[in-house]
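Take a look at the structure set out below.
In what follows, residues are counted from 1 in the order of the sequence shown. As the structure lists them, so they are numbered: ligands from 1, and atoms in each ligand from 1.
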Amino acid sequence: MFVPLALAAAAAALVAACPDGHDHEHDAREPHVHRRAFPSAPLTPPSRPLQWGDVNIIHTTDSHGWLLGHQKASFPEPNYSADFGDFASFVTHMKAIAEEKDVDLLLVDSGDLHDGTGLSDGFPPGGVDAHDVSPSVFARHAGAMGPRADVASPSHELYIYNNTLDMYKNFAPKFHGRYLSSNVNITVLDKHGNNVSVPVGSRFARFETTKGRKVTALGVLFDFTGNDAGTTVQPVADMVKEAWFAEAIQEEPDFFLLVGHMPVARDNWPLVFNAIRAVHSTTPILILGGHSHVRDCLQLDGRSMSLESGRYMETVGWLSANLEHAGRTRNITFSRRYLDPNRVTFEYHTRRSNATFDTASGKAITKGLNNLAQQFDLSLTYGTAPQDYTLSRDPYPSNGSLLSLFADQVMPVGLAVNNTRAASGIPAFFFINSGSFRFDIYAGAFTKNDQLTASPFTDSFLFLPNVTLDAANAVVAALNGGSTASRRELEEEDVLYSRGDVSKRYNEWLRAMYEAEPLAKRAAANLTLGYVTEDACPGVGDDTLHTALPFFSTPAYVASPAPAGVASNAAVLDFVFDDYIVSDVVRILNSVQSATTYTASEAALYSETLLDEVLGVFAQAEWK
Ligand SMILES: *[C@@H]1O[C@H](CO)[C@@H](O)[C@H](O)[C@H]1NC(C)=O
Ligand SMILES: *[C@@H]1O[C@H](CO)[C@@H](O)[C@H](O)[C@H]1NC(C)=O
Ligand SMILES: *[C@@H]1O[C@H](CO)[C@@H](O)[C@H](O)[C@H]1NC(C)=O
Ligand SMILES: *[C@@H]1O[C@H](CO)[C@@H](O)[C@H](O)[C@H]1NC(C)=O
Ligand SMILES: *[C@@H]1O[C@H](CO)[C@@H](O)[C@H](O)[C@H]1NC(C)=O
Ligand SMILES: *[C@@H]1O[C@H](CO)[C@@H](O)[C@H](O)[C@H]1NC(C)=O
Ligand SMILES: *[C@@H]1O[C@H](CO)[C@@H](O)[C@H](O)[C@H]1NC(C)=O
Ligand SMILES: *[C@@H]1O[C@H](CO)[C@@H](O)[C@H](O)[C@H]1NC(C)=O
Ligand SMILES: *[C@@H]1O[C@H](CO)[C@@H](O)[C@H](O)[C@H]1NC(C)=O
Ligand SMILES: *[C@@H]1O[C@H](CO)[C@@H](O)[C@H](O)[C@H]1NC(C)=O
Ligand SMILES: [Zn+2]
Ligand SMILES: [Zn+2]
């Protein structure tokens, strides 16, 4: 095992109540390269203390590997600068406060632990056993490193069978029955060598809280269709008709805890909720959702609340409920809050100072994470980004747009290195899907971690020779919607959503918050950039008040400037694109011109450099 001891030891201390078998081998190395997670700028404290109830929940979801926090100096990044060690200290103090108040505090995670940073995706090639190089190994360590969630739900990390197998064999067992996968199965060989389909974790859990409240918990995944062979996602509508489901919810607990990788709005929670309400008309139901990366809250009735807590450790969710006071029929008083995870926020809510905040285990986790980052060489620096480049805060085209940077400079420069066509002198036309990017690039050091964070995809660049500029432009225009956009786009949107792509919903959310804010307010208030959440729950949800991040729509596909001096109808260009869309490109190319019939098999490798490497190659050339 390559996980540093500091992590394992810290985890053992943190989850002492929860015996498990992590690895206890020794690693004497000291981390020395990484900057500590102290905010790089002065931060304003939250607006007001949290409202506690008799049942309280700290919620995380879609953390996607951001365990070292957001460490860039450009705003709003410092708002999210807490690392997982800080979070662990926060949880420890909050548990102590809960004990003082004689109330329950649960820690819940709704999935998507990995895929998003170098820490989760930057495993070094070689040097580690091949079977250890998997995102789910990271997820397992993420679980072991941080404060163990009291209840966790499956992600849609079922794209690769082996990862699911690893979750089943190594990750889920550490939760002692509280890693819940009510509708997700894996097919494994039983001891007689026969294939059997079994739940990845537990279908449900019944347990008692610290204060003796009876809980029935379920863990639900949205109707995901992008799963690998050997894994099964049962539609939520079918799950609620299962005999085991009826049996699981039969006995009345003090509250139902529905945890899931499923957005609280515009998805299938009502199916689960209604199935329970049909049996228990007033039992409190707490729903903790995720997956669409937004902050959201709604109430399906007066004795239930549904909370979703953002993404990328940019949000820690808080839900409290006063169950006792409401008796068996009155509306329950709930509260919810979206915390910006940084030390100022955490210190404020735990009534600690910079000097008294850190716990020994929190510090050990930070140290261990930095060790891991060092092992993965994540601070390897390719160059220095001269400014911020954003995905949606700057218009396209503009010099602050990451898409402009990539189309105008990164592809032409980065793909010229190790180029299979270098000797030919043939001009090229490049274009790229905007969905190829996951995160902004911020001014300052541009590291291996930043490269993997901005674009983690290992796609190749292919080319078709002898394409005209007219045809190339027509392909990009067609992919961007052309004249027949609407209906087909809508159908595709459903397909993309069912395969796990939530960028459309997330962007809609950003746009709505930006457009809702009067310009005058933006200018007048001294508020700082961040999320401005409007949800359907009473009162203000954001813990620190912000002014909305600017939002600009971008085209789905962007192209590099046309090479100089090429006649628009001369078939002389290398038409370069991402291998992910080769079949679409060939089909459309053959529909926009008829002089040549292109085939997918003619598309050849344009460069050895992959999508998740090209920014680094560019930075080495231009950002030294
Ligand atoms: C959030 O970021 C802003 C800058 O946009 C900063 O001024 C503010 O103090 C930060 N607030 C918190 C709680 O981190
Ligand atoms: C899955 O893991 C097994 C055992 O570790 C390995 O033999 C197999 O090649 C892996 N399959 C894939 C597709 O990675
Ligand atoms: C089990 O299922 C796998 C994958 O579907 C298949 O390759 C294998 O042959 C099956 N094994 C048995 C014993 O049926
Ligand atoms: C999931 O596993 C259980 C237990 O083996 C089995 O009864 C059930 O049919 C499986 N569900 C699906 C949808 O495959
Ligand atoms: C209870 O909550 C429901 C749903 O939020 C609301 O429609 C209803 O008016 C509330 N009843 C009382 C008495 O407040
Ligand atoms: C917090 O303490 C650390 C060292 O313990 C120090 O480096 C840092 O500057 C302090 N931060 C603030 C805001 O005082
Ligand atoms: C980006 O554009 C702005 C506005 O046009 C200009 O002020 C700025 O100097 C440009 N920055 C760079 C690096 O070109
Ligand atoms: C180009 O390819 C060679 C051989 O594969 C490799 O050693 C070198 O690092 C590559 N250069 C760049 C800039 O990627
Ligand atoms: C592309 O055009 C060149 C010159 O016109 C020609 O020699 C070559 O065979 C063409 N390639 C293909 C694949 O059609
Ligand atoms: C904004 O800050 C200025 C000076 O820092 C202060 O005079 C003004 O009252 C503040 N405005 C608001 C709305 O807080
Ligand atoms: Zn996610
Ligand atoms: Zn997801």
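A salt bridge links Arg336 with Asp535; the closest basic N to acidic carboxylate O contact falls under 4.0 Å. Taking the charged nitrogens against the carboxylate oxygens, Arg295 and Asp542 do have a contact shorter than 4.0 Å, which makes a salt bridge. Between Arg343 and Asp86 a salt bridge is recorded (basic side-chain N to carboxylate O distance below 4.0 Å).
The nearest protein heavy atom to atom 9 (O) of ligand 3 is not closer than 4.0 Å. Under the 4.0 angstrom criterion, atom 5 (O) of ligand 3 counts as lacking any protein heavy-atom contact. Proximity of atom 1 (C) of ligand 3 to the protein is indicated by at least one non-hydrogen atom lying closer than 4.0 angstrom.
Listed by atom number, the atoms of ligand 3 under 4.0 Å from Gly193 heavy atoms are 13 (C). Atom numbering of ligand 6 starts at 1 in the shown order; those under 4.0 Å from a heavy atom of Asn354 are 1 (C), 2 (O), 3 (C), 8 (C), 10 (C), 11 (N), 12 (C), 14 (O).
Annotation: side chain of Leu257 is not in contact with side chain of Ile285 (no heavy-atom distance under 4.5 Å). Under the 4.5 Å side-chain criterion, counting only non-hydrogen atoms from C-beta, Leu452 is in contact with Asp612. The side-chain heavy atoms of Met262 and Glu308, taken from C-beta on, include no pair separated by under 4.5 Å.
Contact record, Gly260 with Ser110: O-CB, 3.5 Å, taken as the closest heavy-atom pair.
Distances under 2.8 Å from the Zn ion (ligand 11) pick out the protein N/O/S atoms Asp62 OD1, His64 NE2, Asp112 OD2, His293 NE2.
Counting only N and O atoms by type, the side chains of His64 and His293 include a donor and acceptor under 3.5 Å apart.
Of all protein heavy atoms, the one closest to atom 3 (C) of ligand 3 is Asn195 ND2, 3.5 Å.
Using a 4.0 angstrom heavy-atom cutoff, Ala229 does not count as in contact with ligand 3.
In this structure, the side chain of Ser182 engages the main chain of Gly219 through a donor-acceptor pair within 3.5 Å.
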